[in-house]
Amino acid sequence: MSDKAIITCALNGVLTDPRQHAVPVTPAEMAAEAKRAYEAGASVMHIHLRQQGEGKGHLPSWDTALSAAVQAAIREACPGVVINHTSGVVGPDYAGALACIRETRPEIAACNAGSLNYLKVKADGTWAWPPMLFDNPVEKVKAYLDVMAVTGTLPEFECFDTGIVRCVAMYRDTGLTQGPLQYNFVMGVESGMPADPDLLPILLKLKAPEANWQVTAIGRAGIWGLHRRCAELGGHLRTGLEDTFYREDGAKVMSNGPLIEAMATIVRETGREVASPAEARAILRLAA
């Protein structure tokens, strides 16, 4: 187990509406939020892009110029920081996501490793949104991995369920990916793995033994026990306004900073240290 824990801040996400919650949209807002998280201990920034302009901030964007501008603003505000770029797209047209990776060459990019029925039911028994398939067939995964191999980008394999965890080693065994594996156990999506700390030992049995891993916990106050167990077991950690708006005490936050501060406290309370950007690069085997 590494005594250094990498903290990733998921700055804004794709679903959160800035008209309802204080998520950053513009390059300047992204940089300001990244700086708050960086100063609190985050060495990796996971970014989503939003359309610019009045009333458009709730809509996703795959504008490569915007991607470059957001990354440049964050790097200027946070020396040495590692960028982790989203790639998640529903449906067969993911050319924009591929272009962002190809043209901006982030150090890390998400690679959603399998498909999931993305569902949620409200208390009255109706769907929270129309049932949808987050489709990630092998040919789509391969397209991302091929681009990341060219750009020298580390794929972060997003795993929403146990079977998806098992697929990751198959991608390596069949030659779709080479080099180090990085797992992200996404827990708390209603139709995926629950945010249950007792699942972690099972997931660790299923991943490649030598691979780095982290947990993304989706939800409210109940997720913090999962973060703590992740830290205890040697995993790396992620939080941010994409994943939650609530600290362990139930208080709602308006910025990423307090969430990263809480995560850094957990890391230290479990006897580990928060990794600096340089240490994160060494652990993940990224270029300095």
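- Every salt bridge (Lys or Arg N to Asp or Glu O under 4.0 Å) that D146 has, sequence neighbours left out, goes to K142.
- With 3.5 Å as the limit, one finds no donor-acceptor pair spanning the side chains of E261 and T265.
- With sequence neighbours left out, the side-chain hydrogen bond (donor to acceptor under 3.5 Å, both in side chains) criterion links D243 to R238.
- Applying the side-chain hydrogen bond (donor to acceptor under 3.5 Å, both in side chains) test to K120 and every residue at least two apart in sequence or in another chain returns nothing.
- Residue pairs meeting the salt bridge (Lys or Arg N to Asp or Glu O under 4.0 Å) criterion with at least one member in residues 19-37, sequence neighbours excluded, are D17-R19, E33-R36.
- Listed by chain and residue number, nothing satisfies the side-chain hydrogen bond (donor to acceptor under 3.5 Å, both in side chains) test with N12 (two or more places apart in sequence, or in another chain).
- Between the side chain of T64 and the main chain of C100, no donor-acceptor pair closer than 3.5 Å is present.
- Using a cutoff of 4.0 Å between basic side-chain nitrogens and carboxylate oxygens, R75 and E107 are scored as salt-bridged.
- Contacts of H21 classified as ring pair (Phe, Tyr, Trp, His ring centres under 6.0 Å), with partners at least two apart in sequence or in another chain: F245.
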Sequence neighbours excluded and cut-off under 3.5 Å, please list the side-chain donor-acceptor pairs for residues 203-212, or say none.
unit_1, atom_1, unit_2, atom_2, d
K207, NZ, P209, O, 3.2
K207, NZ, A211, O, 2.8
E210, OE2, R172, NH1, 2.8
N212, ND2, I283, O, 3.2

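- Under the ring pair (Phe, Tyr, Trp, His ring centres under 6.0 Å) criterion, H85 pairs with no residue at all, not counting sequence neighbours.
- Not counting sequence neighbours, the partners of F160 by the ring pair (Phe, Tyr, Trp, His ring centres under 6.0 Å) test are F134.
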List, one per line, each side-chain donor-acceptor pair under 3.5 Å for residues 187-196, sequence neighbours excluded.
unit_1, atom_1, unit_2, atom_2, d
S191, OG, N117, O, 2.5
S191, OG, L119, N, 3.1
D196, OD1, D198, N, 2.9

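- Checked against ring pair (Phe, Tyr, Trp, His ring centres under 6.0 Å), Y144 has the following partners two or more places apart in sequence or in another chain: Y94.
- Side chains of V82 and S43 form no contact here, defined as non-hydrogen atoms less than 4.5 Å apart.
- Evaluation of the side-chain hydrogen bond (donor to acceptor under 3.5 Å, both in side chains) rule for R220 yields Y246 as partners, not counting sequence neighbours.
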